[in-house]
Amino acid sequence: MHRLLSVLACAALLASCVPPEKEENLGKRWDETTVMGELQQRGSIRIGASTDSLTRLQDGEPGGYDSFTEDFALYLADTLKVDPEIVEVPSSQLSTGIDTGDIDIAFPLQVVTEQLVRQRSFTDPLLITHQRLLVEKGSGIEQAGDLAGQEVCGILDETGLDLSTVDPTIDQRTERDPTVCAAALLRGEVVAVTGQDVVLTSLLARIEEVCRDGDCATGYEITGDQLTTGGLSAMVVSGAQAWTDYVSLVLQQWKEDGGWDEAYVESLGPESPGPPDLTIEESAALYPRG
């Protein structure tokens, strides 16, 4: 018995003396057979930027989410020690650009679902987005339950919640172009605009730009319940799991370095909610395949 305890104590002592596994250097020189190595050999990474992003501002400049993802893309390029190259394409051609090799990474404004991740390759989520409401200040509308009998404009994809399905007295119309909803809100045709908060943030900035000219009697704000929850991820080439994993590891490092919080406050603010702690599998499971 004493001998057994002695052996166990010795084993415990040896285990405690084993140094922790060294974290892999993400900025090392990678083998040319990997995507990382190919990019280092070329000396650049091509970053897809949507020219018709729903978060573009009034003057066509990148909106909050565009700026946020660009910050990460620059961090990724810096980690790989390559030059960032922005490639502007319509949002409908981001996936095509990935497939043809004209783009190395893209950030579609599309909530990941199980069906989507079966078709494309995505990294762990960069951001969690929620469907909320954009309303006039002082309207008394604080949540979806306050919209009974009112008209609403929605900027929704297949993961969005049509409020008329919750309350049939709500008259909701859906638009692809956020500026159409913004105009309807400013004219008083609708009392609220509903959509992903990252879209509403940029839409609010557009409205505030218009209101600076004195065309608005009051201000506007984003409010309401978190009607939906979904992850927004980076899209990468399919069939290159090592590259997908690598980008997710760089994303984790960006979070730990404080870059995520800093980019959030700068682009989406005013306070960081903290980076998401979800894998792509967990995020996709929020919208299981029907």
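From a predicted model like this one, the values you see are computed outputs, not experimental measurements. FYI, the numbering just counts along the sequence from 1.
Checking side-chain atoms of Gln241 against main-chain N and O of Ser121 turns up no donor-acceptor pair under 3.5 Å.
A 6.0 Å sphere centred on CD of Glu158 holds more than 12 heavy atoms belonging to other residues, nucleotides or ligands. The environment of Asp277 atom CG is sparse: at most 12 non-hydrogen atoms of other residues, nucleotides or ligands sit within 6.0 angstrom. Counted within 6.0 Å of CZ on Arg176, heavy atoms from surrounding residues, nucleotides or ligands total 12 or fewer; the atom is thus considered open. The number of heavy atoms from other shown groups lying within 6.0 Å of CD (Glu271) does not exceed 12.
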Check the pair Arg42, Asp104 against salt bridge (Lys or Arg N to Asp or Glu O under 4.0 Å), reporting the backbone distance first and the verdict last.
CA-CA 12 Å; Arg42 187 206 303 155; Asp104 300 309; 2.9 Å; yes

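One finds a salt bridge joining Asp99 and Arg120 here, because a Lys/Arg side-chain nitrogen approaches an Asp/Glu carboxylate oxygen to under 4.0 Å. Look at Arg206 and Glu208 and you find no salt bridge, because none of the NZ, NE, NH1 or NH2 atoms lies under 4.0 Å from a carboxylate O.
Residues Trp243 and Phe122 keep their aromatic ring centres 6.0 Å or farther apart.
One side chain, Ser272 or Asp261, offers a donor N or O that lies under 3.5 Å from an acceptor on the other.
You'll find the side chain of Gln196 reaches within 4.5 Å of the side chain of Val111, heavy atoms only. The side-chain heavy atoms of Leu134 and Glu221, taken from C-beta on, include no pair separated by under 4.5 Å. In this structure the side chain of Tyr264 reaches within 4.5 angstrom of the side chain of Pro273, judged on heavy atoms.
For the side-chain contact (heavy atoms from CB on, under 4.5 Å) test with Leu133, the passing option among Leu163, Asp146, Ile222 is Leu163; the others fail. Applying side-chain contact (heavy atoms from CB on, under 4.5 Å) to Pro276 and the options Ile128, Leu127, Leu126 leaves one that passes, Ile128. Results of the ring pair (Phe, Tyr, Trp, His ring centres under 6.0 Å) test with Trp260 over Phe68, Phe72, Tyr75 single out Phe68 as the only residue that passes.
Thr129 is linked by a side chain to side chain donor-acceptor pair (under 3.5 Å) to Asp197, counting only residues two or more places apart in sequence or in another chain.
Note: Asp157 CG to Gln110 CD = 7.0 Å, rounded to the nearest 0.5 Å. For the atom pair Cys153 SG and Glu175 CD, the distance stands at 5.0 Å (nearest 0.5 Å).
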